[in-house]
2 protein chains.
Amino acid sequence: MDPKTQGRFDALAAVIKAMAHPTRLFVVDELSRGERCVYELTELIGADISTVSKHLAVLKGCGIVEAQRRGSRIYYRLKMPCVLSFFGCVETVIKSDAEERLGYVE
Amino acid sequence: MDPKTQGRFDALAAVIKAMAHPTRLFVVDELSRGERCVYELTELIGADISTVSKHLAVLKGCGIVEAQRRGSRIYYRLKMPCVLSFFGCVETVIKSDAEERLGYVE
DNA sequence: TGGTTATTTGGTTATAATACCAAATAGCCT
DNA sequence: AGGCTATTTGGTATTATAACCAAATAACCA
């Protein structure tokens with residue numbers, strides 16, 4: 001793979017990697033319904049707040065979400081809603097794979 | 001997060017994780033233009049063939065690609081072309097983020 | 001059968017990701 | 001200033017990924 005192509009796919013993979021964690025997908029899904037502060041997300045997720053904060057940093061780091069401080073709280077919102085399009089496709093992949101395993105297909 | 005929700009996002013993340021590697025994205029992109037055998041992909045990628053084979057196993061394991069043996073060769077093809085829709089969105093995320101860093105936005 | 005090509009699997013090592021706790025930082029309120 | 005709440009950062013231990021080499025398996029052909 002030539003360096004340019006490699007760089008392109010490295011960059012693509014970096015963004016997809018940011019989505020490749022259950023907690024971060026949950027966050028994206030939750031933020032699709034409106035902005036949330038770290039504490040709200042932490043309650044919903046049920047992990048340590050520092051863990052949630054780090055997941056948010058990953059999503060923010062590649063520009064999928066953005067943060068805004070208002071008073072003592074920091075609100076996160078979905079900046080690139082196109083990532084929601086992943087969900088539909090991935091559900092299809094999962095369903096198709098499950099059906100195949102059950103022997104309905106093939 | 002209740003167990004059912006957790007399970008749902010675990011499953012979603014598993015598929016997205018399968019896409020979250022430059023080599024596997026390259027394979028998906030390449031297979032979008034037709035089936036390829038392991039050797040052909042290995043040449044294009046330039047890694048050890050065992051490495052490429054393992055990447056293919058990951059993609060096959062979650063049903064994104066499928067394999068078919070014909071003679072001594074095994075041809076892989078894209079089974080879930082909807083994953084190609086990731087590319088457009090991710091390119092947008094990358095571009096938007098790059099522009100922002102350059103100060104064109106905000 | 002034996003050799004050759006194509007692919008996968010096992011083993012090992014190196015690197016990266018993730019979780020939690022503790023401590024640091026930031027803003028608010030008295 | 002001092003205390004309180006909200007969030008991030010640093011540190012560490014655990015687990016997961018990924019690369020390569022070597023060996024195993026599969027199909028073909030002489």
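Residue numbers start from 1 in every chain, and the chains themselves are labelled A, B, ... in the order their sequence lines are given, proteins ahead of strands.
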**Item:** A/Glu66 bridged to A/Lys60 by N-O distance under 4.0 Å
**Value:** no

**Asked** Thinking salt bridges, do B/Glu43 and B/Arg36 make one under a 4.0 Å N-O criterion?
**Response** no

Does a side-chain N or O of [X] approach OP1 or OP2 of [N] to a distance below 4.0 Å, or not?
X	N	value
B/His55	D/dT17	no
A/His21	C/dA19	yes
B/Ser72	D/dC28	no

**Item:** Residues within residues 24-40 of chain A bordering DNA chain D, heavy-atom distance below 4.0 Å
**Value:** A/Cys37, A/Val38, A/Tyr39

Could you state the atom-to-atom distance from [atom1] of [X] to [atom2] of [N] in whole Å?
X	N	atom1	atom2	answer
B/Leu56	C/dA6	CG	P	16 Å
A/Ile49	D/dG10	CD1	P	17 Å
A/Arg73	D/dC4	CZ	C1'	13 Å
A/Lys60	D/dT7	NZ	P	12 Å
B/Tyr75	C/dA6	OH	P	10 Å
A/Gln68	D/dA6	CD	P	18 Å
A/Arg69	D/dA6	CZ	P	12 Å
B/Arg70	C/dT7	CZ	P	11 Å

**Request:** Give the C-alpha distance, both sets of side-chain angles, the deciding distance and a yes or no for salt bridge (Lys or Arg N to Asp or Glu O under 4.0 Å) between B/Glu35 and B/Arg70.
**Result:** CA-CA 12 Å; B/Glu35 59 177 24; B/Arg70 283 207 300 282; 2.5 Å; yes

Can you give me the closest heavy-atom contact between [X] and [Y], atom names plus distance?
X	Y	value
B/Phe87	B/Leu25	CZ-O, 3.7 Å
B/Gly63	B/Met80	O-CG, 3.4 Å
B/Val65	B/Leu56	CG2-O, 4.2 Å

Distances under 3.5 Å only, N/O to N/O: pair up the protein atoms with those of nucleotides 20-24 of chain C.
| residue | atom | partner | partner atom | Å |
| --- | --- | --- | --- | --- |
| C/dC20 | OP2 | A/Asp48 | N | 3.4 |
| C/dC20 | OP2 | A/Thr51 | OG1 | 3.1 |
| C/dC20 | N4 | A/Lys54 | NZ | 3.0 |
| C/dC21 | OP2 | A/Asp48 | OD2 | 3.4 |
| C/dC21 | N4 | A/Ser50 | OG | 2.9 |

[X] near the nucleic acid: base, sugar-phosphate alone, or nothing, with a heavy-atom cut-off under 4.0 Å?
X	answer
A/Ile74	sugar-phosphate
B/Lys17	sugar-phosphate
B/Tyr76	sugar-phosphate

**Asked** Yes or no on side chain to side chain contact (heavy atoms under 4.5 Å, CB included) for A/Cys62 and A/Lys17, after CA distance, side-chain angles and deciding distance?
**Response** CA-CA 10 Å; A/Cys62 69; A/Lys17 209 180 286 189; over 6 Å; no

**Request:** Find the partner of C/dC29: check Watson-Crick (N1-N3 plus N6-O4 or O6-N4) and G-U wobble (N1-O2, O6-N3) distances, both under 3.5 Å, and reply none if neither fits.
**Result:** D/dG2

**Request:** Apply side chain to side chain contact (heavy atoms under 4.5 Å, CB included) to the pair A/Cys89 and B/Phe86, showing each step before the final yes or no.
**Result:** CA-CA 9 Å; A/Cys89 164; B/Phe86 288 22; 4.0 Å; yes

**Message:** For A/Tyr75, does the six-membered ring have the charged nitrogen or CZ of A/Arg69 within the cation-pi criterion, i.e. under 6.0 angstrom from the centroid and within 45° of the normal?
**Reply:** no

Show every donor-acceptor pair shorter than 3.5 Å between a side-chain atom in residues 6-15 of chain B and any protein atom, with sequence neighbours excluded, or say none if there are none.
| residue | atom | partner | partner atom | Å |
| --- | --- | --- | --- | --- |
| B/Gln6 | NE2 | B/Asp10 | OD1 | 3.0 |
| B/Arg8 | NE | A/Glu91 | OE2 | 3.3 |
| B/Arg8 | NH2 | A/Glu91 | OE2 | 3.1 |

